[in-house]
Amino acid sequence: MTALRTAILISGGGSNMLALIEAAKDPAYPARPCLVLSNNPDAPGLARAAARGVPVAAVDHRPFGKDRAAFEQALDMVLREHGTEFIALAGFMRVLTDGFVGRWQGRVVNIHPSLLPLYRGLDTHARALSAGDAEHGCTVHWVVPELDAGEIIAQSRVPVLPGDDVASLAARVLAAEHALYPPALAKAIRQAG
Ligand code: GRF
């Protein structure tokens with residue numbers, strides 16, 4: 001199948017984005033990064049993507065205030081300008097409205113740093129530590145209007161070790177994310193057909 005033009009949405013460092021760009025160096029990989037798009041014009045991931053020859057853009061969400069629909073219309077314009085066929089959220093920290101998700105449903109996935117349905121939302125590592133969980137991990141899932149609630153595509157488990165704090169656990173999960181996302185995105189694109 002021809003690789004799908006895939007936009008990767010970030011808000012920060014973009015380490016998951018880099019893992020996807022690396023995977024897409026394989027000509028057989030079914031996603032072709034066509035854009036790295038951030039809501040944060042200062043996201044370090046933008047420069048990291050540009051240095052790898054991937055088109056970048058930023059739509060600062062702050063001027064839109066509470067008008068999420070207007071912000072998402074601006075996102076949509078940039079996505080369409082770049083011929084986007086699929087979206088991978090990778091550390092994108094804005095909640096997307098039903099309208100946006102409805103327009104892209106079936107063509108947008110996300111990576112979340114927990115073993116969903118455990119710990120939807122934020123502060124997942126602290127919550128796993130507080131609960132005394134023996135294991136933690138990450139999930140790639142289809143994006144639906146309800147936050148972190150879409151069908152699971154793939155998961156990766158890591159142990160919670162004695163002496164772990166949020167930083168050490170987050171680092172272990174992030175490494176698992178980098179290994180999980182590329183094959184999970186490929187699986188999702190193949191499922192989308
Ligand atoms: C990752 O833990 C991801 O699961 C979460 O945001 C973090 C940022 O990662 N959504 P990245 O380095 O910006 O990809």
Side-chain angles (χ1 to χ4, degrees), residues 6-25 29 31 33-52 54 56-61 75 86-96 100-101 104 108-130 133 135-161 164-188:
T6 300
I8 306 170
L9 272 57
I10 68 169
S11 295
S15 68
N16 277 289
M17 171 272 294
L18 293 178
L20 297 178
I21 289 176
E22 188 63 27
K25 287 179 179 174
Y29 193 67
C34 65
L35 169 67
V36 172
L37 176 57
S38 182
N39 63 293
N40 171 12
D42 301 321
L46 291 172
R48 300 168 87 183
R52 288 160 176 81
V54 178
V56 299
V59 177
D60 190 339
H61 67 276
L75 288 182
F86 206 91
I87 296 173
L89 305 180
F92 186 70
M93 302 309 283
R94 303 300 295 170
V95 174
L96 295 164
F100 183 93
V101 174
W104 291 97
V108 52
V109 297
N110 179 47
I111 190 161
H112 179 77
S114 81
L115 293 172
L116 291 173
L118 284 175
Y119 312 129
R120 292 176 179 157
L122 299 174
D123 302 321
T124 63
H125 312 305
R127 292 155 69 189
L129 288 169
S130 297
D133 294 347
E135 63 176 13
H136 189 33
C138 48
T139 302
V140 176
H141 63 93
W142 291 102
V143 173
V144 296
E146 185 183 356
L147 184 68
D148 299 331
E151 181 183 347
I152 290 171
I153 297 163
Q155 294 189 302
S156 179
R157 296 172 184 277
V158 301
V160 179
L161 300 177
D164 263 337
D165 58 12
V166 167
S168 61
L169 184 55
R172 191 171 309 119
V173 171
L174 192 59
E177 292 177 43
H178 298 160
L180 181 71
Y181 213 168
L185 174 60
K187 178 182 176 184

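Counting starts at 1 for both ligands and their atoms, following the listed order. None of these values were measured; they are calculated from a predicted model.
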Open item on the list: If only side-chain N and O atoms count, and only distance matters, is there a donor-acceptor pair under 3.5 Å linking T124 with H112?
Closed with: no
- [ ] Can you pull out the closest protein heavy atom to atom 4 (O) of ligand 1? Residue, atom name and distance to 0.1 Å, please.
- [x] E177 OE1, 2.6 Å
Open item on the list: Using a 4.0 Å cut-off to any heavy atom of I111, which atoms of ligand 1 qualify?
Closed with: 4 (O), 10 (N)
- [ ] Mind listing the closest non-hydrogen atom pair of S38 and L46 along with its distance?
- [x] CB-CD2, 3.9 Å
Open item on the list: Among residues at least two apart in sequence or on other chains, which ones pass side-chain hydrogen bond (donor to acceptor under 3.5 Å, both in side chains) with R94?
Closed with: H61
Task: Donor-acceptor pair between N40 and S11 side chains, under 3.5 angstrom - done: no
Open item on the list: Heavy atom to atom 13 (O) of ligand 1, shortest distance: which of C138, G14, G91 holds it?
Closed with: G14
Task: Protein contact to atom 14 (O) of ligand 1 [nearest heavy atom, distance to 0.1 Å] - done: N16 N, 2.8 Å
TODO: Distance to 0.1 Å, residue and atom name: give those for the protein heavy atom nearest to atom 12 (O) of ligand 1.
DONE: S15 OG, 2.5 Å
- [ ] Determine whether C138 and Y181 make a side-chain contact, defined as any pair of heavy atoms from C-beta on separated by less than 4.5 Å.
- [x] no
